[in-house]
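Notes to accompany the following structure.
Counting starts at 1 for both ligands and their atoms, following the listed order. Count residues from 1 along the sequence.
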Amino acid sequence: MSEATGYDASQIQVLEGLEAVRRRPSMYIGSTDSLGLHHLVYEVVDNSVDEALGGFCSEINVTINPGGSVSVRDDGRGIPVDNHPQFNRPALEIVLTVLHAGGKFDHESYGVSGGLHGVGVSVVNALSEWMEVQVRRNGRIYWQRFERGKVVSDLEDRGSSDHTGTTIAFKPDNSIFEETEFSFDTLSSRLRELAFLNRGLKITIKDERSDKENIFQYAGGILSFVQYLNTNKEVLHEQPVYFSRSKNGTQVEVALQYNNSYAENIFSYANNINTREGGTHLMGFRAALTRTVNDYARNNKLFKNEMKLGGEDLREGLVAVISVKLPDPQFEG
Ligand code: 0RA
């Protein structure tokens, strides 16, 4: 560090990065309305889900606190706290204050889960009146506090711990957000969806303002998701069809179940993000469904003459979930 200023060049860059986020928050989180507000929580939760995808975390607990803050706790490895040589600061501080440093430094995870934008937890920090992080790692408890993205206390060792994990608590900055009231139901539906998409992962949400609570955990993963989507529908077959395949680090899962309606309901996801505008995974699925059923019917002589079923016919009453997880996704739209 330069002795005159107390700052070296890399730290000046850090502050400029977070200032850019506070100046134009929508560029990073989409909007500063209720949607953007809830996006902050998804951003933090997605970091914990990444730990789960790596097999290091089995439970995530979200709490809406009475004072307007939210806490997200996981039992993952804990954010590293050792010195980051490039910045000569604890790694935790870098993850929380440097744009795009949020994820693993190795790029081996499916790390682009980040809600809508995958911008990293430093963006949440920059847009929070305060953020407090507690890390259990190396047999110790570490703690650090930030205000509007800036370090206000150095990393503290607060005693011993016999397990690992990360707790991030933050209060959105009301000078940035038009809406600062978290909705239990809005958060619940995204957390339920994440639990469906990550089989076995336990996600809880507790509302300390009202004592409401939800626990989401699905041994069936997206198979359970399809059953949930067909709740109160008359299904044409009791057991959903389910299959999965992994190849070259890419994982594909499909679950489907027909009901007696005419509606088509296909939900497609890439790295836990709903790909509303479709993509190759959705197009591939639609084409494969049409081809497979037609091939089956032809091979089993179920068709008269040159009969053929159209894709639209085969999607009437279809409820399906397609989930792909891939290391380096290309998102459009
Ligand atoms: C960077 C590197 C490693 C883990 C994490 C970040 C991490 C971040 C968050 C955010 C919320 N929960 C988290 N858990 C972990 C890898 C650590 C290692 O190699 O041991």
Side-chain angles (χ1 to χ4, degrees), residues 14 18 21 28-29 38-63 65 69-115 117-128 130-146 149 151 155 158 161-172 187 190-191 194-195 197-198 201-205 271-273 327:
V14 167
L18 294 187
V21 176
Y28 298 86
I29 56 160
H38 289 83
H39 182 72
L40 299 178
V41 180
Y42 307 151
E43 195 61 54
V44 177
V45 168
D46 282 335
N47 284 273
S48 302
V49 171
D50 275 355
E51 277 294 280
L53 286 174
F56 305 110
C57 162
S58 62
E59 186 167 338
I60 300 169
N61 312 103
V62 177
T63 308
N65 303 307
S69 67
V70 160
S71 313
V72 178
R73 180 173 86 226
D74 69 53
D75 62 353
R77 291 169 294 180
I79 303 176
V81 292
D82 48 303
N83 189 59
H84 191 290
Q86 189 194 330
F87 294 90
N88 198 30
R89 301 293 302 167
L92 174 118
E93 197 179 296
I94 303 310
V95 168
L96 289 165
T97 58
V98 179
L99 276 180
H100 305 295
K104 317 289 137 84
F105 303 114
D106 59 18
H107 298 281
E108 268 171 36
S109 63
Y110 293 116
V112 188
S113 46
H117 302 82
V119 288
V121 67
S122 63
V123 167
V124 180
N125 191 13
L127 300 177
S128 294
W130 57 262
M131 176 178 273
E132 293 184 3
V133 184
Q134 192 195 60
V135 167
R136 291 166 190 270
R137 198 177 156 95
N138 311 329
R140 309 299 302 169
I141 301 173
Y142 301 94
W143 181 91
Q144 191 166 17
R145 180 178 165 99
F146 306 82
V151 173
L155 187 72
R158 292 197 158 184
S161 174
D162 57 6
H163 52 278
T164 64
T166 303
T167 306
I168 297 178
F170 66 95
K171 184 173 190 279
L187 291 177
R190 172 59 178 157
L191 297 176
L194 281 171
L197 291 167
N198 298 280
L201 176 62
K202 183 173 181 180
I203 307 181
T204 69
I205 175 165
N271 291 1
N272 293 326
I273 298 170

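- Judged purely by atom type and a 3.5 angstrom limit, Asp74 has no side-chain atom pairing as donor or acceptor with the backbone of Ile60.
- Residue Ile79 places a heavy atom less than 4.0 Å from ligand 1.
- Distances from ligand 1 to the non-hydrogen atoms of Asp74 include at least one value under 4.0 Å.
- Below 4.0 Å from some heavy atom of Thr166 lie the following atoms of ligand 1, by number and element: 11 (C), 12 (N), 13 (C), 14 (N).
- Of all atoms in ligand 1, numbered sequentially from 1 with element shown, those under 4.0 Å from a heavy atom of Asn47 are 10 (C), 11 (C).
- Donor-acceptor pairing under 3.5 Å is lacking for the side chains of Glu132 and Gln144.
- A heavy-atom separation below 4.0 Å is found between Pro80 and ligand 1.
- Using a 4.0 Å cut-off to heavy atoms of Arg137, the atoms of ligand 1 that qualify are 17 (C), 18 (C), 20 (O).
- Below 30°, between 30° and 60°, or above 60°: for Tyr42 and His39 the angle between ring planes is above 60°, a perpendicular geometry.
- Surrounding CZ of Arg73 are at most 12 heavy atoms belonging to other residues, nucleotides or ligands under 6.0 Å away.
- Side-chain contact, Asp75 with Thr164: no donor N or O sits under 3.5 Å from an acceptor N or O.
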